[in-house]
Undergrad: 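Have a look at this one before I ask anything.
Residue numbers run from 1 in the order of the sequence given.
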Amino acid sequence: MAASKMIMASLTHCRPLTCAATVPKSYPSRLLPHPPDLIKWVRSEGGFVHQAVNISPQGTSGLGLIASQPIPKGSDLIVLPYHIPLKFGPLQFDGADGATSVLVNLAQKVPEELWAMKLGLKLLQERANVGSFWWPYISNLPETYSVPIFFPGEDIKNLQYAPLLYQVNKRCRFLLDFEQEVKQTLENLKSDDHPYGGQDVDASSLGWAMSAVSTRAFRLYGEKLPDGNHITVPMMLPLIDMCNHSFSPNAQILQEQDPGNSKMRIKVVADTTIRQEDPLLLNYGCLNNDLFLLDYGFVIPSNPYDCIELKYDAALLDFASVAAGLSSANFLSPAPWQKKILQQLSLDGEHPNLKVTIGGKEVIEGRLLAAMRVLYASDVETVEKHDMETLKALSGNVNAPLGVSNEVAALRTIIALCVIVLGHFTTKIMEDEALLKQGVSTSTELAILFRIQKKSVIIRVMRDLSARLNSLHLKDDKLTTQP
């Protein structure tokens, strides 16, 4: 009874952590229906916001920043002093006690690949704290996020892409397991040591915090070490994180030492002349659609960095070669010299890296292309005339380092492999497009858009390789007709 009274009392000094558990049908509302003006708050805390920078609710991505008048190239758009970004770096761990020590211990149990959860623990603490310095910022955050961990089970299946399904399920399992870890850690804590004011923390609130960080945080130089070097830490940048993404951005993030002290300040600078009503755009990174959907909750149409992840599998490649009208025993039983080269490509041996890709800037990952060329080669002497980079290269001009017939066989096998991979999707693009026209939920729409883009990657690769094959045949015809 005494413990429950203590928790009820503490709840009067904290904000609830309940979170929406599903993707909204429209762009999500903020945590507060009418949150504080973020621009005014940044300025009141010593930050700078260009007079032409405004918050606009327009656009498919919801809230964003736009220019209310032309802004010259090189202009400072936003400047945040050191104390405004929300971060949870290693130097904050030193000598930590009480509630901070609890967060540190929990953060140390989070895998590094899920770094967003580490900062998410701190974000959740500040969300619960009525007196948080960051509440004007946190109250502007969305109630929920359109990332796949919040998709209904059917829409997770609708992704139809095993590598992403694996990552989504892995994150969901982590959240469920970590919920138990957090509950055990917080159980029986003294009120002063409880980072969330005595509130229960479940997988939904943890998922909200992790998603808030993954969709908005930047990895930048943070604390300064005793040796004078700055370490890189993830941090949430109020207002700056309202800039949307583009591979052709008109702004960039810079860091510089604050003239008034030794701390680093963060600024967004116009990279081009920004016209009136233009959105402020940053490049979040040259990422594939797996990461954009998993971490940011959106899909980029015709993403030049999107690719298909495959496992290098000898039996699958052998099947592809047969489907291409070719056949070679070397796929299942490579010659010793071929096996040695596969080991150099990390596609064989004790600790191989069997993940290969098609699509993206490379069209075909160099290791996969080199393996195809080597496995169709008839003798080691011809192969050894070329270095590994040449064997891995698919240049803009048609090249066939091991001969035209070898190149034709390699490309035909990869095209057949693409056909096999395309067949693993249970729907066709035309069917997907018809579903979108019928009107579907936001999560279903994202899942369909994602798989359309994945299939489009495969089709683009097939068209590219088919064009190369045609050029090779023309080249071969010219060679055979020469006197």
Undergrad: Hey, does F178 have a side-chain heavy atom less than 4.5 Å from the side chain of L106?
TA: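 In contact.
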Undergrad: When you measure from the side chain of S44 to the backbone of W41, do you find a donor-acceptor pair of N or O atoms at a distance under 3.5 Å?
TA: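 Checked: pair present.
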Undergrad: Enter the distance from T100:OG1 to Q125:CD here, rounded to the nearest 0.5 Å.
TA: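 Going from the OG1 atom of T100 to the CD atom of Q125 covers 6.0 Å.
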Undergrad: Please determine whether the number of non-hydrogen atoms from other residues, nucleotides or ligands lying under 6.0 Å from atom NZ of K355 exceeds 12.
TA: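 Open.
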Undergrad: For the CG atom of L186 and the CG atom of D200, what is their distance to the nearest 0.5 Å?
TA: 8.0 Å
Undergrad: Could you check if a side-chain atom of L391 sits within less than 4.5 angstrom of a side-chain atom of L345, using non-hydrogen atoms only?
TA: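 Sidechains of L345 and L391: no contact.
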Undergrad: I'd like to know if the side chain of S146 and the backbone of G297 have a donor-acceptor N/O pair within less than 3.5 Å.
TA: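 Such a contact is found between S146 side chain and G297 backbone.
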Undergrad: Between atom OG of S132 and atom CD1 of I138, what is the distance when rounded to the nearest 0.5 Å?
TA: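 Interatomic distance, S132 OG to I138 CD1, rounded to 0.5 Å: 4.5 Å.
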Undergrad: Kindly indicate whether the side chain of P279, heavy atoms from C-beta on, has any atom under 4.5 Å from the side chain of S56.
TA: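 No - every pair of side-chain heavy atoms lies 4.5 Å or more apart.
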Undergrad: Can you pull out every salt bridge (Lys or Arg N to Asp or Glu O under 4.0 Å) where at least one residue sits in residues 33-46? Sequence neighbours excluded, please.
TA: none
Undergrad: Please determine if K437 and E433 form a salt bridge, counting it only when a charged side-chain N lies under 4.0 Å from a carboxylate O.
TA: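 Looking at K437 and E433, the cut-off is not met.
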Undergrad: Got H83 and F133 here, is their nearest side-chain heavy-atom distance under 4.5 Å?
TA: yes
Undergrad: With a 4.0 Å cut-off on N to O distance, would you call D464 and R468 a salt bridge?
TA: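 Yes, D464 and R468 are salt-bridged.
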Undergrad: Do the ring planes of F247 and F292 sit parallel (below 30°), tilted (30 to 60°) or perpendicular (above 60°)?
TA: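 Geometry flag for F292 against F247: perpendicular rings.
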Undergrad: Kindly indicate whether the side chain of N244, heavy atoms from C-beta on, has any atom under 4.5 Å from the side chain of F298.
TA: no
Undergrad: Quick one: are R275 and P70 in side-chain contact, heavy atoms under 4.5 Å?
TA: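 No, their side chains stay 4.5 Å or more apart.
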Undergrad: By the ring pair (Phe, Tyr, Trp, His ring centres under 6.0 Å) test, which pairs, at least two apart or in different chains, include something from residues 427-454?
TA: Y161-F450
Undergrad: For residues 148-157, please give each side-chain donor-acceptor pair under 3.5 Å, one per line with the distance, not counting sequence neighbours.
TA:
from: D155; atom 1: OD1; to: N158; atom 2: ND2; distance (Å): 2.7
from: D155; atom 1: OD1; to: T444; atom 2: OG1; distance (Å): 2.7
from: D155; atom 1: OD2; to: S443; atom 2: OG; distance (Å): 2.6
from: D155; atom 1: OD2; to: T444; atom 2: N; distance (Å): 3.2
from: D155; atom 1: OD2; to: T444; atom 2: OG1; distance (Å): 2.8

Undergrad: Donor-acceptor pair, R216 side chain versus M236 backbone, under 3.5 Å?
TA: no
